[in-house]
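Reading through the structure tokens given below for one structure.
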2 protein chains.
Amino acid sequence: MSIDPLEYYSQADFDLMLSESRKHKTPFLIFNLDILRQKYNELHCHFPYVRIHYAVKANPAVEILKVLDELDSNFDIASVNELDRLLSIGVDPSRISFGNTIKKAEDIHYAYEKGIRLFASDSDHDLFNIAREAPGSKVFFRILTDGGDSADWPLSRKFGCHPDLATDLILLALDLKLIPCGISFHVGSQQREIGYWNSALAKVRYIFDYLETLGLKMTLINMGGGFPASYISRTSPMETYSEEITRYLKEDFSERPPEIIIEPGRSLVGDAGILVTEVVLIAEKSHHAMDKWLYVDTGKFNGLTETWGEAIKYPLYTEAPGEDSSDYIIAGPTCDSQDVMYESFRNPLPSGIKEGDRIYWFSTGAYTASYASVEFNGFKPIPVYFVGQRAKEK
Amino acid sequence: MSIDPLEYYSQADFDLMLSESRKHKTPFLIFNLDILRQKYNELHCHFPYVRIHYAVKANPAVEILKVLDELDSNFDIASVNELDRLLSIGVDPSRISFGNTIKKAEDIHYAYEKGIRLFASDSDHDLFNIAREAPGSKVFFRILTDGGDSADWPLSRKFGCHPDLATDLILLALDLKLIPCGISFHVGSQQREIGYWNSALAKVRYIFDYLETLGLKMTLINMGGGFPASYISRTSPMETYSEEITRYLKEDFSERPPEIIIEPGRSLVGDAGILVTEVVLIAEKSHHAMDKWLYVDTGKFNGLTETWGEAIKYPLYTEAPGEDSSDYIIAGPTCDSQDVMYESFRNPLPSGIKEGDRIYWFSTGAYTASYASVEFNGFKPIPVYFVGQRAKEK
């Protein structure tokens with residue numbers, strides 16, 4: 001026993017997933033729609049005043065989108081293909097934001113034709129495209145914020161602009177007959193330090209104040225994602241996130257509460273997935289090796305992308321017997337020498353583990369199946385099997 | 001003009017690829033089968049004494065496998081799916097080696113049933129599986145070698161064992177009624193320092209000598225891959241690789257020349273591909289930004305996987321006008337903050353480049369299309385279009 005599954009799952013949820021998993025050949029992902037429902041309801045309960053836009057990119061499976069649709073979630077898309085999938089299950093476009101600041105003019109045009117009226121932007125070139133292809137739409141502007149080194153899948157400078165530029169873009173949007181409605185930010189995915197929301201909100205307050213001196217009233221703050229799933233590096237409970245963030249909002253915006261959007265992805269679907277793998281081989285590389293190489297049947301190129309740089313540390317469970325050992329380097333099955341998930345970080349595994357045993361990768365519901373490569377080394381993408389209550393057919 | 005295409009392609013080859021590329025919507029890969037033919041013939045001409053086993057993982061497209069089959073190439077597979085594809089085009093199993101040291105017992109069984117009789121190994125557990133599932137097969141043993149920091153896609157310790165362990169495995173193989181036939185090594189992919197082949201061959205010589213004292217004669221050296229494609233960091237011509245490596249072989253093995261296998265992948269197919277992308281957006285992040293963010297319509301999660309850590313530096317060509325500038329940070333179209341290809345390394349691009357212009361990523365025929373994700377952020381895998389002489393139908 002490597003970890004206690006009941007630290008991560010209720011007995012009922014875990015039993016349901018484990019029993020479904022017995023039916024299939026590895027590797028595959030089991031996704032529990034009941035956990036998704038719990039996570040959504042929990043988030044809604046802790047942030048009753050926010051509009052939840054699920055970040056479809058985290059896991060775009062139709063079964064997941066249908067459940068969230070049933071729960072009245074809104075959605076945030078990264079591309080027009082994600083839009084098409086939402087429309088195909090009957091989601092009204094008024095519940096969809098196009099949150100990618102990087103988009104082709106033709107894709108803006110397509111989204112507008114389909115009814116999308118809410119866009120993110122962070123540059124004048126993109127804004128000109130929105131004005132031309134999606135006239136009169138609402139736009140929020142993403143600012144650069146700091147997420148420190150406490151976000152497990154960190155930010156880069158890829159998205160967002162300096163606050164001064166954001167205010168200029170808001171004025172430009174007015175000139176272009178768009179409706180600039182607010183500011184968005186993102187503190188980094190799997191952000192363990194709640195204080196970064198405070199710093200970001202202070203920046204937003206500063207921008208809102210400045211615009212008010214120009215007679216402009218902003219009505220929206222999009223706080224993005226960053227809420228955690230349950231990996232090895234533990235995080236505060238969602239309750240603490242909500243208490244703290246709600247306090248920051250009250251301090252800065254109590255006299256004029258704006259509409260608040262959040263874009264959770266990982267925190268809704270991450271915990272709901274278990275990637276089930278099998279030990280292919282355990283090898284020692286020399287007579288006096290201290291380390292053992294343990295190879296499983298999926299890897300960095302087939303679902304475990306977020307182990308690049310050993311960034312996300314998934315909890316591993318196995319039913320193999322023996323004392324926990326830190327001797328195991330864990331790697332994937334491809335011939336690629338970079339396909340090693342954990343070498344510096346040692347996930348304890350029982351010393352009795354052997355070929356053919358299953359290893360369960362907990363909290364793998366986000367950023368796994370859709371990341372898998374089409375056929376690298378001839379390995380097929382990992383299938384996903386669903387358990388739990390599906391959405392009612394419309 | 002960022003780079004001169006004629007430094008990388010003949011006028012005829014480039015014209016053929018460019019003219020095909022005009023017919024398609026980005027992003028996609030153009031693959032020139034004529035270049036593949038030239039590369040194969042060049043390699044065969046420089047290493048007339050070796051048996052070429054194409055590393056299917058580098059690019060498993062059927063069109064490529066058929067041309068190599070026509071040229072009488074042999075093949076090395078990483079998985080049984082790659083085997084199935086080769087068998088489906090009529091490749092005889094005697095021309096296929098199973099070079100992945102990480103394989104399930106059931107996959108060894110399947111390969112043996114299909115006629116595979118040549119396997120790689122580097123651990124006793126794998127060897128027991130081979131003995132049981134593929135009795136009497138030939139096995140070569142992979143040793144750990146050093147590739148320094150001159151391999152652009154470097155080695156890890158994932159494959160290979162210590163030479164002392166290799167000799168023990170050879171003795172074990174005999175006990176298990178297998179045919180231990182030799183040693184394999186790999187000096188790292190895109191290896192720019194030819195001297196590493198010398199160090200590796202010296203190790204093989206040492207092992208062969210030791211085994212000869214036990215009355216055992218090894219007959220095979222598998223020198224793996226590592227031969228380069230043409231990226232930004234220039235490499236010696238293939239002629240130099242062949243001259244030097246042939247000299248090392250003569251020095252160490254002249255009195256008893258073994259059979260030599262090489263497993264080229266990147267060096268055969270890399271240069272034959274051009275990934276064609278379009279500039280989606282150019283953004284400045286602040287009023288006084290020195291850098292410009294240039295986003296193209298494919299990225300790290302959809303074909304450009306080998307830009308992780310800015311490892312492989314692809315040459316970029318564009319027809320946009322203007323003086324070369326190093327201001328551009330180049331990133332992909334997804335909402336993932338890690339989807340940035342080059343930020344430290346600056347690939348010069350003309351200052352007149354704008355949205356909608358095409359950027360041609362040279363030498364992207366290897367480890368791109370098959371690495372692409374199934375649907376990350378809703379972006380579809382990149383299609384591949386072929387030009388040049390196809391294989392004759394059998």
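Residue numbers start from 1 in every chain, and the chains themselves are labelled A, B, ... in the order their sequence lines are given, proteins ahead of strands. Small disclaimer: the values here were computed from a predicted structure and weren't measured.
Proximity to chain A (any heavy atom under 4.5 Å) is restricted, for B:Ala369, to the backbone atoms N, CA, C and O. Using a 4.5 Å cut-off between heavy atoms, A:Asp124 does not touch chain B at all. Using a 4.5 Å cut-off between heavy atoms, A:Ala289 does not touch chain B at all. For A:Val374, the parts sitting under 4.5 Å from any heavy atom of chain B are the backbone and the side chain alike. Heavy atoms of A:Ile329 lying under 4.5 Å from chain B belong exclusively to its side chain. With a 4.5 Å cut-off on non-hydrogen atoms, A:Thr26 touches chain B through its backbone and its side chain both. Heavy atoms closer than 4.5 Å to chain A are found nowhere in B:Asn302, neither backbone nor side chain. A:Asp339 touches chain B through backbone and side chain together, each having a heavy atom under 4.5 Å away. Looking at A:Lys380, both its backbone and its side chain come within 4.5 Å of chain B, counting heavy atoms on both sides.
Rounding to the nearest 0.5 angstrom, the gap separating the CG atom in B:Leu281 from the OG atom in A:Ser123 is 4.0 Å. Going from atom CD of B:Glu355 over to atom CG of A:Asn129 covers 6.5 Å, rounded to the nearest 0.5 Å. Distance check: A:Glu82 CD to B:Phe379 CZ gives 8.0 Å after rounding to the nearest 0.5 Å. Atom CZ of B:Phe159 and atom OH of A:Tyr295 lie 6.5 Å apart (nearest 0.5 Å). Note that the CD atom of B:Glu343 and the CZ atom of A:Arg157 stand 4.5 Å from one another [nearest 0.5 Å]. The CD1 atom of B:Ile77 sits 9.5 Å away from atom SG of A:Cys335, with the distance rounded to the nearest 0.5 Å.
Looking only at distances, no side-chain donor or acceptor of B:Asp122 sits under 3.5 Å from a matching main-chain atom of A:Lys285. Panel note: side chain A:Lys104, backbone B:Glu278; no donor-acceptor pair is recorded below 3.5 Å. Under a 3.5 Å cut-off, the side chain of A:Ser373 and the backbone N or O of B:Ala372 do not form any donor-acceptor pair. At least one donor-acceptor pair closer than 3.5 Å links the side chain of B:Lys158 to the backbone N or O of A:Thr334.
Comparing A:Gly378, A:Ser370, A:Gly309 by how many heavy-atom pairs each has under 4.5 Å with chain B, the most go to A:Ser370. For the options B:Asp297, B:Asp107, B:Val80, B:Leu83, heavy-atom pairs under 4.5 Å to chain A are most numerous at B:Asp297. Contact count against chain B (heavy-atom pairs under 4.5 Å) is highest for A:His287 among A:Lys354, A:His287, A:Lys103. Heavy-atom pairs under 4.5 Å with chain B peak, among A:Pro333, A:Pro381, A:Ala105, at A:Pro333. Between chain B and the options A:Ala55, A:Pro60, A:Ala58, A:Pro163, the largest number of non-hydrogen pairs under 4.5 Å is found for A:Pro60. When B:Leu144, B:Asp336, B:Val56 are compared by the number of non-hydrogen pairs under 4.5 Å with chain A, B:Asp336 comes out ahead. Ranked by heavy-atom pairs under 4.5 Å with chain B, the first of A:Ser286, A:Gly99, A:Gly356 is A:Ser286. No other option in B:Thr305, B:Asp126, B:Asp168, B:Val279 has as many heavy-atom pairs under 4.5 Å with chain A as B:Asp168.
Residues B:Ala78 and A:Asn377 come closest through the heavy atom pair CB-OD1, 3.1 Å. Here the shortest heavy-atom pairing between B:Ile102 and A:Gly332 reads CD1-O, 3.8 Å.
Under the rule for a ring pair (Phe, Tyr, Trp, His ring centres under 6.0 Å), the partners of B:Phe28 that lie at least two apart in sequence or sit in another chain are B:His24, B:Tyr385. Qualifying side-chain hydrogen bond (donor to acceptor under 3.5 Å, both in side chains) partners for A:Arg85, counting only residues two or more places apart in sequence or in other chains: B:Glu375.
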Evaluate the side-chain contact (heavy atoms from CB on, under 4.5 Å) criterion for residues B:Glu106 and A:Lys25: first the C-alpha distance (whole Å), next the side-chain angles of each, then the deciding distance (0.1 Å), finally the verdict. CA-CA 12 Å; B:Glu106 68 184 80; A:Lys25 205 165 148 10; 2.6 Å; yes
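The aromatic rings of A:Phe376 and B:Tyr367 sit perpendicular, their planes meeting at an angle over 60°, well past the 30° parallel limit. Taking the six-membered ring where tryptophan is involved, the planes of A:Phe301 and B:Tyr371 are tilted, since the angle between them lies from 30° to 60°.
Residue A:His288 qualifies as open at atom NE2: its count of foreign heavy atoms under 6.0 Å is 12 or below.
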